[in-house]
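Please read the structure below before turning to the comments.
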Amino acid sequence: MPRPTQKILLAYYRAMHNRWGNQHWWPAQSRTEIMVGAILTQNTSWRNVEKALANLKSANLLPPNRQPHAESNSIRTLHALGVARLATLIRPAGTYRIKARRLWNLLDWFVTHYDASFARTRRTPTPNLRAALLALHGIGPETADALLLYAFHRPAFVIDTYTLRIFHRHHLLPPAAAYNDAQALAQRLLPADIPLWNDYHAQLVQVGKTFCRTHPHCAGCPLQKFLPQTPS
DNA sequence: GACCAGGCACATC
DNA sequence: GATGTGCATGGT
């Protein structure tokens, strides 16, 4: 197995970026909307997440912008709604009873420990923030890292099923490697550049959505030229 | 109908 | 530690 290098991973990024341009993730008007979306998108198509977010926007429950005061107000209002009311609003996203509980857990933690203020999270080191998120019921590694990167603007490389599949198929990782291995690889090799990590993950999702959904469908993929001789 | 989607927790072995 | 299953809507 050729040992992956920073040069190789940056070449992957250039190929994807050349193809699609910057993805401008996370698509949302506010950091609050990112937090909500991160829960809603768990094992769910983004299309269905958008329906649920539209419900919340229609009810004026998401901030119109990223002004801290607007963010905090929305966080507190969503929190005050309670699980049952949240559940009816987010229903189109699927697994809505579970997600309402998970979202409320996250909101409750944010209100309790940071007074619903993103600014107040600044003094918490990233590893501590990650551990706190992982301790919440319903937040696993991918959701925690997506929140860290896209909502809290911390250096966390997000791994998802597409990323794992691509890394495995390209033999960048041994077959048994899992989430933490993939993240360690990316974080060790890539420069600690939050905008790069932001768009890198978005590009990998774009590759996955476009080319990985049906199993051997690599024709036209911007990463195809990097595939090893004997694809798995 | 089956299968999947920008996961996670839990049961069981 | 590894594997299997429920959650649930909406698109293909």
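Note that these values count all heavy atoms, side chains included, but never hydrogens, waters or copies made by symmetry. Proteins get letters first, then strands, A, B, ... in listed order; numbering begins at 1 in each.
- Taking only side-chain atoms of A:Y96, from C-beta outward, the nucleotide of B:dG6, C:dT9, C:dC7 with the closest atom is C:dT9.
- Rounded to a whole angstrom, the distance from the P atom of B:dC3 to that of C:dG4 is 15 Å.
- Side-chain atoms of A:R154 and A:T126 include a donor-acceptor pair closer than 3.5 Å.
- Classification of the A:F157-A:Y200 ring pair by plane angle, with boundaries at 30° and 60°, yields perpendicular.
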Worksheet item: How far apart are the C-alpha atoms of A:I75 and A:M35, what are their side-chain angles, what is the distance that settles it, and do they pass the side-chain contact (heavy atoms from CB on, under 4.5 Å) test?
Response: CA-CA 10 Å; A:I75 297 280; A:M35 292 183 84; 4.0 Å; yes

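- Here A:R47 lies in heavy-atom contact (under 4.0 Å) with sugar-phosphate atoms only.
- Residue A:H137 is in sugar-phosphate contact alone, with no base atom involved, counting any heavy-atom pair closer than 4.0 Å across all strands shown.
- Among residues at least two apart or in separate chains, ring-ring contact (aromatic ring centres under 6.0 Å, His included) pairs with a member in residues 26-68 of chain A are A:W26-A:W46, A:W26-A:Y150.
- With C:dT9, B:dG6, B:dG7 as the candidates, the nucleotide lying closest to the side chain of A:Q42 is B:dG7.
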Under 3.5 Å, which N/O atoms of the protein pair with N/O atoms of nucleotides 1-5 of chain B?
none

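- The aromatic ring of A:W25 sits over the base of B:dG6, with ring centres less than 5.5 Å apart and planes tilted by under 30°.
- Picking from B:dG6, C:dC7, C:dT12 the nucleotide with the shortest atom distance to the side chain of A:V205 gives B:dG6.
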Contacts table for residues 79-92 of chain A: side-chain donor-acceptor under 3.5 angstrom, sequence neighbours left out:
| from | atom 1 | to | atom 2 | distance (Å) |
| --- | --- | --- | --- | --- |
| A:H79 | NE2 | A:D108 | OD1 | 2.8 |
| A:R85 | NH1 | A:T88 | OG1 | 3.1 |
| A:T88 | OG1 | A:R85 | O | 2.8 |
| A:R91 | NE | A:Y96 | OH | 3.3 |

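- To the nearest whole angstrom, the two P atoms, one in B:dC4 and one in C:dG6, are 16 Å apart.
- For the pair A:L106 CG and B:dG7 P, the computed distance is 17 Å after rounding to whole Å.
- Atoms CG (A:N105) and P (B:dA9) sit 10 Å apart, rounded to a whole Å.
- Residues A:S58 and A:N55 bring no donor and acceptor atom of their side chains to less than 3.5 Å of each other.
- Atom CD1 of A:I139 and atom P of B:dG7 are 14 Å apart (whole Å).
- Comparing the same atom, P, in C:dG10 and in B:dC8 gives a spacing of 23 Å after rounding to whole Å.
- C:dT5 and B:dA2 have their P atoms separated by 15 Å, given to the nearest Å.
- For the pair A:Y179 OH and B:dG6 P, the computed distance is 16 Å after rounding to whole Å.
- We find that CZ of A:R91 is positioned 10 Å from P of C:dA8, with the value rounded to whole Å.
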